Amino acid sequence: DPGSTVTPTWSRSRGRDAAAFRESLRRHRFLNSSPWENTTAFYGVNQFSYLFPEEFKAIYLRSKPAMFPRQPTEMYKPIPNVP
Amino acid sequence: LPLRFDWRDKHVVTQVRSQQMCGGCWAFSVVGAVESAHAIQGEPLEVLSVQQVLDCSYKDDGCGGGSPLNALRWLNKTQVKLVEDSEYPFKAQNGLCRYFSSSQSGVSVKDYTSHDFSEQEDEMARALLTFGPLVVVVDAVSWQDYLGGIIQHHCSSGEANHAVLVTGFDKTGRIPYWIVRNSWGRSWGVDGYAHVKMGSNICGIADSVSAVSV
């Protein structure tokens, strides 16, 4: 949409931007066509729509996970049989 | 637990920032948690330096990526004071670590805890109330296209790749959700925030949870 206020965050060839944008639109259709209830999230054009998913991952998804100990659950002792 | 709680209502959460083209989400989330923990202690809410963490947390790779756990370990071990953002501003690129004299004002981390709260999200909510906003690492691949609503599908646990800050939760509606501050600017999502369904470890939100005390 030429009137869109969304600006690309990645300056590249117009052809590549357009291809990434077309792929984004296809992805939005898939994400929004879920058979689930209508309380779910909605997806569409934003500042990242000019990025291919692999570019998006390479730039923005750069946190490494770590294995953490499980939060200990409360221990419940059975109540002994009492008269 | 209250039905709704958000640390923003207590005015202890700084504005959403933009990491721009820098893979520094891990530093934004940790600094956000330190800012809030400091304000929860009754101190003024200050915007602290993300660039200082990017440049100085030596086990991480600055804008090339990092781990909130490494940053917390570094802050705790060195007792380094995080200075104000205006003192050490964000440049969206790696730089040389700047050192400050011990008389420089700043905020240091007293302690931190990290846990896996999967299948125990009510416990995670208690930790949020007790300690302040929580640093979590999520699978955010589908967040590229997120505009609003409650994220319930299209992401997995066990594939974490993005660090964010949980500031609250809302259980007043049919679908309870976490209120999550991102670092992709205010134009992304719901004024820079995402809403993620509570109770099913959506996007792995409960897998890697850290809390900070200052």
Side-chain angles (χ1 to χ4, degrees), chain A residues 1 4-12 16-17 19-76, chain B residues 19-26 29 60-61 63-70 114-120 123-124 127 137-154 158-163 173-175 184-185 187-189 194-197 204 207-210:
Chain A
D1 174 7
S4 169
T5 55
V6 176
T7 51
T9 54
W10 180 275
S11 179
R12 304 163 312 178
R16 191 171 166 79
D17 279 351
F21 192 79
R22 280 194 298 273
E23 189 176 313
S24 290
L25 295 180
R26 275 196 294 274
R27 209 169 51 242
H28 302 159
R29 273 197 293 278
F30 164 73
L31 292 168
N32 289 323
S33 67
S34 306
W36 299 296
E37 53 206 307
N38 59 5
T39 53
T40 196
F42 43 97
Y43 301 87
V45 172
N46 65 12
Q47 70 265 46
F48 302 128
S49 298
Y50 294 89
L51 293 175
F52 285 108
E54 57 272 24
E55 292 168 335
F56 176 75
K57 279 185 217 169
I59 300 166
Y60 295 101
L61 306 183
R62 307 291 302 209
S63 185
K64 295 166 190 131
M67 293 297 289
F68 291 163
R70 280 186 70 78
Q71 170 73 7
T73 48
E74 279 186 53
M75 296 296 290
Y76 294 101
Chain B
Q19 63 186 78
Q20 300 173 38
M21 302 277 284
C22 165
C25 57
W26 56 278
S29 61
D60 295 299
D61 187 24
C63 287
S67 144
L69 186 60
N70 283 344
S114 297
H115 280 107
D116 172 351
F117 280 99
S118 50
E119 296 168 39
Q120 300 175 78
E123 284 302 316
M124 181 170 154
V137 189
V138 294
D139 168 22
V141 169
S142 65
W143 294 22
Q144 177 176 2
D145 305 297
Y146 175 72
L147 295 181
I150 304 172
I151 296 171
Q152 302 174 55
H153 311 286
H154 305 304
E159 307 207 9
N161 44 43
H162 183 51
R174 201 161 56 83
I175 310 287
W184 295 342
S187 61
W188 178 87
H195 296 162
V196 179
K197 185 185 176 187
D207 282 336
S208 310
V209 182
S210 299

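Chain letters run A, B, ... following the sequence lines, proteins first and then strands; every chain starts at 1. If you're wondering where the values come from, they're calculated on a predicted model, not measured in any experiment.
Residues A:Tyr60 and B:His162 have side chains not in contact (no heavy-atom distance under 4.5 Å, counting atoms from C-beta outward).
The shortest non-hydrogen separation linking A:Ser63 to B:Pro68 is OG-CD, 3.4 Å.
Between A:Asn46 atom CG and B:Tyr146 atom OH the span is 11.5 Å, to the nearest 0.5 Å. In this structure, the separation between CG on A:Asn32 and NE2 on B:His154 is 7.5 Å, given to the nearest 0.5 Å. To the nearest 0.5 angstrom, A:Tyr43 atom OH is 4.5 Å from B:Ser142 atom OG. Here the OG atom belonging to B:Ser187 is positioned 4.0 Å from the CD atom belonging to A:Gln47, to the nearest 0.5 angstrom. Atom NZ of A:Lys64 sits about 5.5 Å away from atom CG of B:Asp61, to the nearest 0.5 Å. In this structure, the separation between NE2 on A:His28 and CD on B:Gln144 is 7.0 Å, given to the nearest 0.5 Å.
Contacts between B:Ser29 and chain A at a heavy-atom distance below 4.5 Å are absent for every atom of the residue. With a 4.5 angstrom heavy-atom cutoff, B:Val141 touches chain A via backbone and side-chain atoms both.
Taking the six-membered ring where the residue is Trp, the centroids of A:Phe48 and B:Trp184 are separated by under 6.0 Å.
Among residues two or more places apart in sequence or in another chain, the salt bridge (charged side-chain N to carboxylate O under 4.0 Å, His left out) test is passed with B:Asp145 by A:Arg27. Remark: B:His195 engages B:Tyr177 in a ring-ring contact (aromatic ring centres under 6.0 Å, His included) (not counting sequence neighbours).
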side-chain contact (heavy atoms from CB on, under 4.5 Å) evaluation trace for B:Trp26 with A:Arg62: CA-CA 8 Å; B:Trp26 56 278; A:Arg62 307 291 302 209; 5.5 Å; no
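With chain A as partner, the option from B:Leu147, B:Asp139, B:Val209 having the largest number of non-hydrogen pairs under 4.5 angstrom is B:Leu147.
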